[in-house]
Amino acid sequence: MGSDDDDSRPLVGQPRVWTATLVVAISVAIIGCSLQFGFQTGCMANTQDTLRSAFKNVSDVEMSLMISGLPIGGLFGGLSAGLIADKIGRKKCMLLNNIPILIGTVLMSVGLNQHLFLVGRILTGFGCGIATGVAPMYISEISPVSVKGAVGVSHQFMITFGILLGFAMSVKQALSWFPKYWHVYFAFPALPAFYQLILLPLCPESPNWLYYNKEREDLARAALTKLRKSRSVADEEVDAMIRERTSASSSDSVMVSYKDFFTNRTLRLTLFIGLALQAAQQLSGVNAILNYGPEILTDAGMKNGDTATGLLGSINVLMTLISIPLMDKMGRRSLMLWGQLFMILSYIGLAIAQRIHDTNPGGEEWTKYVSTATVISFIIFFAIGPGSIPWLIVAEIFTAEARGKASSLCVGANWICNLLVVISYDKLNKALKPNTFFLYMGIVTFFLIFTFFFVPETKKKQVEQINREIQEQAEKFPPVVF
């Protein structure tokens, strides 16, 4: 009777994938959360000299704290994100999350002194921590399985676009007004916050949360009907939820507690994979390159580090955009492995170039070109895989009953590693220079090996199948391990 009745259709929710409601809901989540986080990540790279001039007598420790304020707040926000989202829902969590972000934005943009600026930075960090936990969860739960990869990457894409905005809006060579009107620059985060506050109430709640957490099958069906513009497709997806829950009930694992993550072998390995992927993203040193990009390239011999940093931001956005169609074609695991491999090669080139430049400053002109090329190469391959995949996979490998708590733990790990890199990079660089990037190369190599042996492919798979594969993997090891 036509393609609609074709038994070969592999996934529920496939017809009419893109609807206006779905697109608006995704845009509200990624602009209000992901773009917000990206801007806050990139806004300090080119502004440190301006802030030193504005506040006077800013010590290196105070400046380091202002940079680190985001991950400090983000750590606490990330750890609480899943708990809050499970308790009050994904929508309310995102709506209320704009309160600390707007208060922090006011404190930073008014800029009375470095201490209030730091408080504002920590508050916005708290909001960004919650945002990085709830946004990937929400967009994954409202999206059809057939496009979860592409939709999942939209979170990372908006993060990179926000970073680029932070770079571009603060390049002093291009914007002569910046040193005088930097207050306006730090007020920019209010725009995505108000965008979300206005439109999010019009978007449906996560069907998964309504069904699994609130046990309201009727509301979940209504939300899916609104998202898919098709009652029959909504019915298919609700039926799939019912089957998943029935399967979970038969395994005595409907309710997932924190204890279960350590006593259940499958959950233990699943959590370990989620934590490791988040650590792999941050401990790769990407935030050291983004926050200290001008300094790295200037040390390598580049005269205009700020402009070079803007270039890095542009490449990051472009390559993340390119990775969107690749995610559902090549798969998550393949892109993660290839990305990590070429990140290792990039670090080798950067470390060698820095070592030669430090040995003979000014004598080897080519080192600055190699340094620039390898930093760009690193950003390219980070963006196509390790940048976006950890956020995506965390939303794919856990069942709905475990997703909230698992998200809190994984996002918390991401922010801990983020803070560790931001705080330690300057000291590590002074202690290890010119061998700093050999250390990061070793870290990425470790996570490449981990990805190869433990991370499953999740492309276009239902969570039950992914969990079965992880269970089979866990059973290969003694119980004391997994």
Side-chain angles (χ1 to χ4, degrees), residues 11-30 32-33 80-98 130-131 133-148 151-152 155 196-197 199-249 253-257 394-408 411 462-464 467:
L11 303 166
V12 299
Q14 197 164 349
R16 293 202 64 187
V17 167
W18 299 108
T19 65
T21 304
L22 177 63
V23 171
V24 171
I26 292 171
S27 76
V28 169
I30 63 176
C33 295
S80 59
L83 297 174
I84 298 172
D86 274 354
K87 185 71 175 177
I88 65 175
R90 298 3 176 182
K91 274 180 62 177
K92 285 183 181 177
C93 183
M94 287 190 283
L95 283 169
L96 294 175
N97 187 44
N98 287 292
I130 292 178
V134 71
M137 201 187 312
Y138 178 72
I139 62 177
S140 174
E141 290 175 349
I142 65 173
S143 301
V145 175
S146 58
V147 293
K148 277 187 187 291
V151 172
H155 169 67
Q196 187 173 80
L197 283 169
L199 291 181
L200 186 56
L202 306 177
C203 300
E205 177 57 271
S206 160
N208 291 57
W209 182 78
L210 291 169
Y211 179 75
Y212 291 105
N213 296 76
K214 298 296 288 182
E215 298 185 345
R216 291 294 303 272
E217 181 183 327
D218 57 330
L219 295 181
R221 199 179 300 274
L224 278 167
T225 301
K226 189 175 180 181
L227 285 163
R228 305 291 182 258
K229 301 300 181 188
S230 170
R231 182 59 185 262
S232 62
V233 175
D235 289 341
E236 284 185 52
E237 295 197 39
V238 171
D239 290 344
M241 291 186 206
I242 294 172
R243 288 194 299 272
E244 181 184 333
R245 187 158 208 178
T246 302
S247 175
S249 298
S253 59
V254 175
M255 299 302 295
V256 174
S257 66
V394 166
E396 291 184 325
I397 60 177
F398 293 100
T399 61
E401 295 88 352
R403 195 170 294 137
K405 293 183 178 69
S407 176
S408 287
V411 173
Q462 298 285 0
V463 67
E464 302 98 314
N467 277 189

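Here the structure is a predicted model, which means the values were calculated and not measured.
In this structure the side chain of Leu199 reaches within 4.5 angstrom of the side chain of Leu202, judged on heavy atoms. Side-chain contact between Ser230 and Thr19: absent, with no pair of heavy atoms (C-beta onward) separated by less than 4.5 Å. Looking only at side-chain heavy atoms (C-beta outward), Pro204 and Ile142 stay at 4.5 Å or farther from each other. Residues Pro136 and Val394 form no side-chain contact, since every pair of their non-hydrogen atoms from C-beta on lies 4.5 Å or further apart.
Atom OG of Ser408 sits about 8.0 Å away from atom CD1 of Ile84, to the nearest 0.5 Å. In this structure, the separation between CD on Glu141 and OH on Tyr212 is 9.5 Å, given to the nearest 0.5 Å. Annotation: the span from Ile26 atom CD1 to His155 atom NE2 amounts to 13.0 Å, rounded to 0.5 Å. Atoms CE and CG, from Met137 and Asp86 in turn, are 6.5 Å apart once rounded to the nearest 0.5 Å. Atom CG of Leu95 and atom NZ of Lys92 lie 9.5 Å apart (nearest 0.5 Å). Between atom CZ of residue Arg216 and atom CD of residue Glu205 there is a gap of 12.5 Å, rounded to the nearest 0.5 Å.
Pairing each heavy atom of Ala81 with each of Cys93, the nearest pair is O-SG, 4.3 Å. Closest approach of Cys203 and Tyr138 over heavy atoms only: CB-OH, 3.8 Å. Of all non-hydrogen atoms in Ala234 and Arg221, the two that sit nearest each other are CB-O, 3.9 Å. Closest of all the heavy-atom pairs between Met241 and Asn208 is CE-OD1, 3.9 Å. Here the closest heavy-atom approach between residue Arg90 and residue Ala85 is recorded as NH1-O, 3.2 Å. Nearest heavy atom pair, residue Gln196 against residue Pro201, reads O-CD, 4.0 Å.
No side-chain donor-acceptor contact under 3.5 Å links Ser407 to the backbone of Gly404. Remark: the backbone N or O of Phe398 is not paired with any side-chain donor or acceptor of Asn467 at under 3.5 angstrom. Distance alone, capped at 3.5 Å, places no donor-acceptor pair between the Lys405 side chain and the Ser257 backbone.
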One pair to check against side chain to side chain contact (heavy atoms under 4.5 Å, CB included): Ile30 and Ile139. What are the steps and the verdict? CA-CA 8 Å; Ile30 63 176; Ile139 62 177; 4.2 Å; yes

Is there a side chain to side chain contact (heavy atoms under 4.5 Å, CB included) between Leu224 and Val233 once you walk through the steps? CA-CA 8 Å; Leu224 278 167; Val233 175; over 6 Å; no

Is there a side chain to side chain contact (heavy atoms under 4.5 Å, CB included) between Leu200 and Met94 once you walk through the steps? CA-CA 8 Å; Leu200 186 56; Met94 287 190 283; 3.6 Å; yes

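A salt bridge is defined here as a Lys NZ or Arg NE, NH1 or NH2 lying under 4.0 Å from an Asp or Glu carboxylate O, and Arg243 with Asp239 fails to meet this definition.
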